[in-house]
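Every chain is numbered from 1 and lettered A, B, ... according to where its sequence line falls, protein lines coming before strand lines.
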Amino acid sequence: MPKKLPFSISPIFTTTQRTNSKCRTTPFTTLIQNPKSSSTSTTSLNFTFLNHLKNQRIDSARAVFNKIPSPHVSLYTKMLLAYAHNNNLSEAINIFHQIPSNTKDTISWNSMIKASIICGDFVTAVKLFDEMPHRNSISWTTIIHGFLSVGRVVEAERFFHAMPYADKDVATWNAMVNGYCNNGRVDDALRLFRQMPSRDVISWTSIIAGLDRNGKSYQALIFLQNMVGFTGVEISSTTLVCGLSAAAKISDFYAGIQIHCCMFKFGYCCGFDAFVSASLVTFYACCKRMDDACRVFGETVCKNVVVWTALLTGYGLNDKHMEALEVFGEMMRFNVVPNESSFTSALNSCVGLEDLEKGRVIHAAGIKMGLENGVYVGNSLVVMYSKCGFIGDALCVFRGIGEKNVVSWNSVIVGCAQHGCGVWALTLFKQMLMEGVESDEITLTGLLSACSRSGMLQKARCFFEYFGQKISLKLTIEHYVCMVDVLGRCGEVEEAEALAMSMPVEANSMVWLVLLSACRVHSNLAVAERAAKRIFEMEPGCSAAYVLLSNLYASSRRWSEVARIRRKMKHNGVVKQPGSSWINLKGLRHEFRSADRSHPLTEKIYEKLEWLGVKLNELGYVPDQKFALHDVEIEQTEEMLSYHSERLAIAFGLLSTSEGSTLTVMKNLRVCGDCHNAIKLVAKIVDREIVVRDSSRFHHFKNGICSCGDYW
DNA sequence: TTAGGGTTAG
């Protein structure tokens, strides 16, 4: 863990403390209690009223408002809007009706429309709009923007088209352009942007931000370039922040640097603008320049939660998960309250470290803050528990999520698939359909992989057809990879090959690799050789394909072919990825290679393995030498199998953890069949659950059996 | 004295 983060922190300037300092109130009440004259009294009441509103003390504001003799219409307006922001529409309407009719002006009518929209009551908003005596462009823009803000584009368009052309000002056009972008209608936004009679800085910023949000970051940067180069419209910090966001998304370092220079030039980089700082931190992080990101962070005076989260996320993006979690801890120490985004990023870093213990600590902090059942934190917790090997906890968190979205359902379905709980995955999908949540391409990937890992071929065929034809989901190459995988694993190797050959897009090396893997399971050398040939044409350095083919030859004891593959690997400079397994204990990762003797507890680990070997023999275990994969003497292969990396990690785990606790081991390659047999028995001997996550899935070993049912 | 349009982290 890093002892010191590479940036300086000025705690006096954190947002929380700045806000608190503002809250120190002046004793205004003394002014009311001792008035010298009627006019002084009214002035004091007005002042106190405004002060209460400013500090969001709505009841106190109302009490003072009631004492003001003949309040000015502007005070009525402020009062009703305050009620709207408190989601109290009936009281806002009450105040509106109290405005004397001779002073009720267009501004108060517009404010009441706005108040209805804030409270989500569009019927009242439209009724007021119809009833008001004089509409101006602000009345129209308010209602158009209101509809767009809740995705009701058709109604917004109806008002926009009904609005007299002469009344449409630049703000109205801007509202439409921005609304189209926010609702994924970027082509309509571009059409209006070209049609509008004049464009100001907000028009340009809207289209730049909109293009960026809709996956057109490169075009956004072109628009920014045109704005600066050809329009003469004065640029704002918001425009530059949007441009920087686009540069960050496509990691365009050159464009981002130019924008940073502009920010300097216009004086936006003095450290007081959190938007500028957060966008700079993110930009440098996306360009893999964490030193620069840290420098910007250190120079930021106004460090709010977004700036902190930008740094935390940036470290995560760069696989510096320990540093990310250190930032999370630091922000808490500086009284910056983490929000859902901070938790999401911190939990992602726990996944990156595969560190369940840290994940549980962050989960506890989330519970304290009441964020556990929110959809963002809940989804991240589901992923964290699932990827750290605890699918039961993932399901528990999932059930608690208040309003589940498609990501929640996908996360839990994919989690069940990875843990081999295929039936659960399918049951959850049924519930998802019943709750009316629309599935997407990730749902199908999750379902197909659940079927693949549980041998449910017919179900997979149904899903593939249902998603492809009935709900017209565009099938991606990922889906074909899954379908070839499930066909192959279920023994339909020829059909899998036929599907790979007949795909609407050309199969990539991943498709052929899963087919080759299935050939390894079902010992189909003919298809394997054809699949391997395809892979070597596309990816000559694919070590996994060489290893799979070599293993296939080895399991058939065709040692001359094994030697040929090895020579070919050597000739092409392909290096086999060494197998390694690791276990995380108290924040430390203990990693082992096959026959490793570098760990400080090596002697004890090998003693434990010998003891386990004796117990295994007593239970009738005989090493399966087809997994030795080397042309060596039988005695030697037995020894090599006994010291595979996962066995060393398990032996170490047994020595270092309390009896009865679940042991979780990670492996970079697939666990071999012989180790799989041995670990089933080891779990029985030591009477513990052993979870092994290999490159394919999670295996839960308990009482002599594995959750995968020997099917993986 | 009160009303409308653009922004950062995930």
Discussion item. On the nucleotide dG6(B), are OP1 or OP2 found under 4.0 Å from the side-chain N or O atoms that N178(A) carries?
Written reply: yes

Roughly how many Å is it from [atom1] in [X] to [atom2] in [N], rounded to a whole number?
{"X": "D167(A)", "N": "dA3(B)", "atom1": "CG", "atom2": "P", "value": "20 Å"}
{"X": "N304(A)", "N": "dG10(B)", "atom1": "CG", "atom2": "P", "value": "14 Å"}
{"X": "N136(A)", "N": "dG4(B)", "atom1": "CG", "atom2": "P", "value": "11 Å"}
{"X": "L317(A)", "N": "dT8(B)", "atom1": "CG", "atom2": "C1'", "value": "15 Å"}
{"X": "F272(A)", "N": "dT7(B)", "atom1": "CZ", "atom2": "C1'", "value": "20 Å"}
{"X": "K249(A)", "N": "dA9(B)", "atom1": "NZ", "atom2": "C1'", "value": "11 Å"}
{"X": "I138(A)", "N": "dG4(B)", "atom1": "CD1", "atom2": "P", "value": "7 Å"}
{"X": "N110(A)", "N": "dT2(B)", "atom1": "CG", "atom2": "P", "value": "14 Å"}

Item to complete: Drop me the distance from H52(A)'s NE2 to R62(A)'s CZ, to the nearest 0.5 angstrom.
Response: 14.0 Å

Discussion item. Return the CD1 to CD1 distance between I117(A) and I143(A), rounded to the nearest 0.5 Å.
Written reply: 5.0 Å

Select base, sugar-phosphate, or nothing to describe what [X] touches, counting heavy atoms under 4.0 Å on all strands.
{"X": "V201(A)", "result": "base"}
{"X": "V170(A)", "result": "base"}
{"X": "S342(A)", "result": "nothing"}
{"X": "R213(A)", "result": "sugar-phosphate"}
{"X": "D273(A)", "result": "nothing"}
{"X": "S236(A)", "result": "base"}
{"X": "S380(A)", "result": "nothing"}
{"X": "S277(A)", "result": "nothing"}

The side chain of [X] lies closest to which of these nucleotides: [options]?
{"X": "A171(A)", "options": "dT2(B), dG4(B), dA9(B)", "answer": "dG4(B)"}
{"X": "V241(A)", "options": "dT7(B), dT2(B), dA9(B)", "answer": "dT7(B)"}
{"X": "S345(A)", "options": "dG4(B), dT8(B), dG10(B)", "answer": "dG10(B)"}

Please list every donor-acceptor pair under 3.5 Å in which a side-chain atom of residues 162-170 of chain A meets a protein atom from a residue at least two apart or in another chain.
residue	atom	partner	partner atom	Å
K168(A)	NZ	F160(A)	O	3.1
D169(A)	OD1	A171(A)	N	3.2
D169(A)	OD1	T172(A)	N	3.2
D169(A)	OD1	T172(A)	OG1	2.9
D169(A)	OD2	S137(A)	OG	3.1

Worksheet item: With E403(A), which residues qualify under salt bridge (Lys or Arg N to Asp or Glu O under 4.0 Å), at least two apart?
Response: none

Counting distance alone, no hydrogens or angles: does the base of [N] have a donor or acceptor under 3.5 Å from a partner atom on the side chain of [X]?
{"X": "N339(A)", "N": "dG10(B)", "value": "no"}
{"X": "T344(A)", "N": "dG10(B)", "value": "no"}
{"X": "T77(A)", "N": "dT2(B)", "value": "yes"}
{"X": "T205(A)", "N": "dG6(B)", "value": "yes"}
{"X": "T142(A)", "N": "dG4(B)", "value": "no"}
{"X": "T238(A)", "N": "dT7(B)", "value": "yes"}

Practice prompt. Would you mind checking if E330(A) and K303(A) are paired as a salt bridge, meaning a charged N to carboxylate O distance below 4.0 Å?
Written response: no

Worksheet item: Are the aromatic ring centres of F328(A) and W308(A) under 6.0 angstrom apart?
Response: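 No, they do not, as the ring centres are separated by 6.0 Å or more.
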
Discussion item. So that I know where these two stand, are H363(A) and Y385(A) an aromatic pair - ring centroids less than 6.0 Å apart?
Written reply: yes

Worksheet entry | Stacking check H72(A) vs dT2(B) (5.5 Å / 30 deg) | no

